[in-house]
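What follows is a short report on a single structure.
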Amino acid sequence: GQQVMQIPQYQHVQEGEDFTTYCNSSTTLSNIQWYKQRPGGHPVFLIQLVKSGEVKKQKRLTFQFGEAKKNSSLHITATQTTDVGTYFCAGSSDSWGKLQFGAGTQVVVTP
Amino acid sequence: SAVISQKPSRDICQRGTSLTIQCQVDSQVTMMFWYRQQPGQSLTLIATANQGSEATYESGFVIDKFPISRPNLTFSTLTVSNMSPEDSSIYLCRVLGPGGGNTEAFFGQGTRLTVV
């Protein structure tokens with residue numbers, strides 16, 4: 001079955017630095033979504049990528065979907081303390097929204 | 001965006017008992033899903049709640065343990081039956097809007113279950 005792998009599992013970042021988390025699927029995806037979960041909270045939808053090679057930006061966050069639609073990345077520039085949380089990628093191979101979640105990248109920001 | 005009310009937000013239950021979790025949406029949605037998030041882990045899909053018919057369960061999850069109802073397009077319940085400490089997790093419902101398919105999705109706030 002479809003598997004979605006995400007690295008790194010943990011990311012310690014100095015405030016102001018950049019970092020990237022990567023997501024890889026064992027199968028071609030129809031779309032990939034990214035979520036952020038704050039400690040004690042529920043996953044909050046960030047973005048969805050659908051097209052091969054797609055790049056989307058949200059302020060300091062840049063999301064990419066690979067040409068083969070099997071991998072994706074989230075790059076955060078100038079990390080702030082508000083970026084603390086766990087970032088999940090989630091891929092879907094069908095058109096009905098059933099998602100397979102990656103293990104998540106837990107981000108800790110030190111001032 | 002859809003507003004999702006999930007109840008209870010947390011509970012502590014005795015082993016061997018059952019707990020029913022409710023997910024209420026303020027608008028009709030196409031798809032409703034139930035996920036489990038074990039401590040420190042990612043989200044695992046339990047089942048897709050189908051309106052008016054039996055839920056579709058993922059591998060490793062069975063109806064006897066996790067019965068699901070979805071009587072209409074705005075409401076679903078998940079029951080965790082005959083609980084054991086291994087069932088201690090956060091349970092989340094997720095919904096897709098009327099557009100279905102590849103559209104933005106929303107999670108409820110989750111139910112944090114502790115089984116003692």
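Letters A, B, ... mirror the listed sequences (proteins, then strands); counts begin at 1.
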Task: Contact check, side chains of A:Q37 and A:Y35, non-hydrogen atoms, under 4.5 Å - done: no
Task: Interchain contact, B:Q109 with chain A, by part (heavy-atom threshold 4.5 Å) - done: both
Open item on the list: If I measure from the heavy atoms of chain A, does B:L43 come under 4.5 Å with its side chain, its backbone, both, or neither?
Closed with: both
Open item on the list: Contact between B:L113 and B:C13 at the side-chain level, heavy atoms closer than 4.5 Å - yes or no?
Closed with: yes
TODO: Would you indicate whether the side-chain heavy atoms of B:D11 and B:T111 approach each other to under 4.5 Å?
DONE: no
Task: Min side-chain heavy-atom separation A:F19-A:P8 under 4.5 Å - done: no
Open item on the list: Are the side chains of B:F107 and B:I4 in contact, using a 4.5 Å heavy-atom criterion?
Closed with: no
- [ ] Could you look at A:Q6 and say if it's the side chain, the backbone, both or neither that has a heavy atom under 4.5 Å from chain B?
- [x] neither
Task: Test item: A:T62 and A:V55 side chains (from C-beta on) under 4.5 Å apart, heavy atoms - done: yes
TODO: With a 4.5 Å heavy-atom cut-off (strictly below), which parts of residues 101-111 of chain A touch chain B? List them by number.
DONE: A:F101, A:G102, A:A103
- [ ] Evaluate the side-chain proximity of B:M32 to B:I68: yes if any heavy-atom separation is below 4.5 Å, no if none is.
- [x] no
Task: chain A contacts, top residue of B:S59, B:S42, B:G110 (heavy-atom pairs, under 4.5 Å) - done: B:S42
- [ ] Could you check if a side-chain atom of A:F63 sits within less than 4.5 angstrom of a side-chain atom of A:Q58, using non-hydrogen atoms only?
- [x] yes
